[in-house]
A.B. asks: 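Please find one structure pasted underneath; my questions will follow.
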Amino acid sequence: MTRGAENGAPNGQALLQVKDLKKHFQVGRGTALKAVDGISLEIKKGETFGLVGESGCGKSTVGRTLVRLYEPSGGQVVYGGRDIHQAKGEEARILNRKMQMVFQDPQASLNPRMVVGDIVAEGIDIHGLAESRKERQDAVHELLETVGLNKEHANRYPHEFSGGQRQRIGVARALAVDPDFIVADEPVSALDVSIQAQVINLMKRLQRERDLTYLFISHDLSVVKYISDRVGVMYLGVMVEMAPSDELYANPMHPYTQALLSAVPVPDPDVEMERERIVLEGDVPSPVNPPSGCRFRTRCPYATEACAHEEPVWREVSPEHWVAACHCID
Amino acid sequence: MSEAVTAEGSQTQTIRPRERRLAGFWRRFKRNRLALVGLVIVGIMLLTAALAPLIAPSDPQAQDYALTLQPPGVGGLMGTDSLGGDVFSRVVFGARISLISSLISVGIALLIGVPVGLTAGYFRGIWDEWIVMRVVDSLQAFPFLILALVIAAILGGGLGYAMIAIGIGFIPAFVRITRAQVLTVRSLDYVDAARAIGTGHVGIMLRHVLPNSLPPLLVQTTLAVGYAIIAEATLSFLGLGAEPGQPSWGSMLFQAQSYLTTAWWMAFFPGMAIFFAVLGFNLLGDGVREALDPRTYD
């Protein structure tokens with residue numbers, strides 16, 4: 001893990017283990033939307049794990065289940081040796097502090113009727129982290145300054161801020177309870193590109209300073225590559241490939257990963273002209289009724305008849321490089 | 001890529017100066033002429049009710065059999081009624097009864113309807129689907145006035161019971177509006193954010209869901225006050241509300257029934273009072289709705 005060093009050194013110890021996580025939503029009588037259908041991964045302390053995939057592949061559902069906004073339908077999430085979805089009372093309160101979330105839409109994630117100071121301080125109030133009004137106010141001011149705002153902003157309402165500033169407020173709110181782990185669900189996809197870089201750099205700085213671990217969810221492969229130590233690629237509720245970031249981008253093995261990466265534009269017009277793109281045909285099948293065998297077979301350029309009944313095997317093809325292996329991976 | 005915090009930080013200076021929510025609301029509200037008319041009417045009514053003893057020339061309950069059915073001008077500003085009471089004084093004091101009874105009945109509806117709608121929309125499940133909504137549906141199967149009439153008749157006559165009956169009649173509408181609003185708000189990200197931080201159900205409902213569900217409720221409240229005035233007048237007119245001697249606009253109309261052809265002023269003035277009061281509250285409600293609508297933000 002060479003990339004790890006610059007990000008506050010993941011020491012190889014798993015902070016969080018996800019074991020065969022499933023989340024099915026009931027959609028009418030007897031039918032279930034299998035948003036997440038058996039995902040396993042480990043997130044190491046201090047690293048950034050990037051989760052990529054198309055809209056509707058279940059990546060946000062994974063994130064929300066990890067911070068206990070959803071109850072899983074199967075599998076478990078282990079944090080500090082405990083299944084987090086079994087936690088109750090005091091234990092649950094501690095988990096609420098240790099695991100936080102930054103949301104995609106900075107507009108919808110801030111209560112429009114609360115001033116920024118109260119939004120940021122909500123966690124402080126709930127967990128009794130400030131002894132006095134003065135202490136609470138100081139904490140809020142410090143948090144705002146940490147995320148690049150200033151203390152005058154505490155008395156304003158969210159609608160008075162730009163998108164990038166609102167996302168900073170969302171980050172400050174998450175930081176207020178002093179978490180170890182933050183799920184960032186598409187934190188920059190609603191922002192202008194120039195602002196995206198600022199928010200991402202802010203997140204990287206905070207990771208260094210506060211020894212944070214991130215699950216970074218995005219559909220933007222360039223952003224994920226920039227921030228992540230390891231990346232997992234999801235398709236239709238399952239993980240198809242997982243590897244250290246450099247390895248994945250240099251040597252994608254699964255046909256879906258290859259197609260995704262070929263869609264990333266190269267910032268060089270000559271290369272861009274020459275570049276061959278793999279264009280996937282058709283739409284993502286419905287997660288209510290996913291294809292049998294390999295889920296990707298309906299759009300896979302290498303699909304054969306056998307793919308309809310052969311489930312790909314999740315295996316480590318080279319150190320740390322996992323792939324849902326089918327006949328086209330040897 | 002170095003972090004350009006300062007660049008964006010300085011941007012805040014150019015954002016328009018902080019405007020309080022109330023000021024923005026008022027700025028949008030006053031652009032609507034009709035809403036201002038409504039506000040003036042409601043204001044006049046409030047003042048009349050508050051200062052009734054100073055405005056009214058005589059005791060509204062006083063009777064003078066020597067001076068019955070005097071036309072306006074001769075027997076005071078608005079004439080006298082069949083018992084010799086001063087119509088003007090009675091209309092002035094009627095504003096009190098109308099306002100108090102409509103505010104109390106709407107208050108009852110708010111006090112019960114909002115918590116029920118809030119918990120039903122927030123928790124969903126059996127409480128919402130099989131208890132609250134079925135009761136609300138059954139209540140709404142009856143026209144509002146019929147429902148209020150039946151409840152008033154069961155409870156017995158009198159202004160107090162009429163208020164309760166009208167209040168109960170309003171509950172379904174308040175439950176529905178609150179619930180519908182809560183259903184929208186509860187799925188927003190800031191509610192999830194509060195849950196992720198560890199805020200409890202009560203905290204989420206009071207800090208996040210209720211405050212953001214208020215605008216339609218505020219509108220419904222102003223409109224309901226207008227409707228309650230009609231309802232109180234109707235119940236009083238039918239003998240289920242205020243006693244005939246009490247200066248309620250509805251009971252004045254009831255009393256005026258037999259004199260419609262001979263003493264028009266007995267029915268005309270309380271009728272106009274009801275008309276303007278309801279008009280005022282409706283215009284005010286419409287204005288509030290428009291001023292609160294985010295699409296009229298500028």
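Heavy atoms only: backbone and side chains are in, while hydrogens, waters and symmetry mates are out. Sequence lines set the chain letters: A, B, ... in the order given, protein chains first and strands last, and positions in each chain run from 1.
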A.B. asks: What's the shortest heavy-atom distance between A/R113 and B/P215, and which atoms?
C.D. replies: NH2-CG, 3.5 Å

A.B. asks: Might you confirm whether atom CD of A/E131 has over 12 heavy atoms from other residues, nucleotides or ligands at distances under 6.0 Å?
C.D. replies: no

A.B. asks: Would you mind telling me which of B/V191, B/L214, B/T199 has the largest number of heavy-atom pairs within less than 4.5 Å of chain A?
C.D. replies: B/T199

A.B. asks: Would you say B/F281 has more than 12 foreign heavy atoms packed within less than 6.0 Å of its CZ?
C.D. replies: yes

A.B. asks: At a 4.5 Å cut-off on heavy atoms, which part of A/L69 comes close to chain B: side chain, backbone, both, or neither?
C.D. replies: both

A.B. asks: Taking the side chain as everything from C-beta on, heavy atoms only, tell me whether A/P112 gets closer than 4.5 Å to B/Y190.
C.D. replies: yes

A.B. asks: Roughly how far apart are A/D125 CG and B/R207 CZ, rounded to 0.5 Å?
C.D. replies: 5.0 Å

A.B. asks: Given that the side chain runs from C-beta out, which part of A/M99 has a heavy atom under 4.5 Å from chain B: side chain, backbone, both or neither?
C.D. replies: backbone

A.B. asks: Quick check: does any side chain N or O of B/D192 sit under 3.5 Å from a backbone N or O of A/R64, one acting as donor and the other as acceptor?
C.D. replies: no

A.B. asks: Taking every non-hydrogen pair under 4.5 Å, which of A/I119, A/L110, A/V67, A/V102 racks up the most with chain B?
C.D. replies: A/L110

A.B. asks: State, to 0.1 Å, how close A/S109 and B/A193 come at their nearest heavy-atom pair, and which atoms those are.
C.D. replies: O-CB, 4.3 Å

A.B. asks: Got a sec: does the CD of A/E152 have more than 12 other heavy atoms crowding it under 6.0 Å?
C.D. replies: yes

A.B. asks: Would you confirm whether A/H127, through its side chain, and B/I197, through its main-chain N or O, come within 3.5 Å as a donor-acceptor pair?
C.D. replies: yes

A.B. asks: So with a 6.0 Å cut-off around OH of A/Y249, is the heavy-atom count from everything else above 12?
C.D. replies: yes

A.B. asks: Using non-hydrogen atoms and a 4.5 Å limit, figure out which bit of A/E122 sits close to chain B: side chain, backbone, both or neither.
C.D. replies: both

A.B. asks: First locate atom CG of A/N96, then atom CZ of B/R195, and finally report the distance between them rounded to the nearest 0.5 Å.
C.D. replies: 10.0 Å

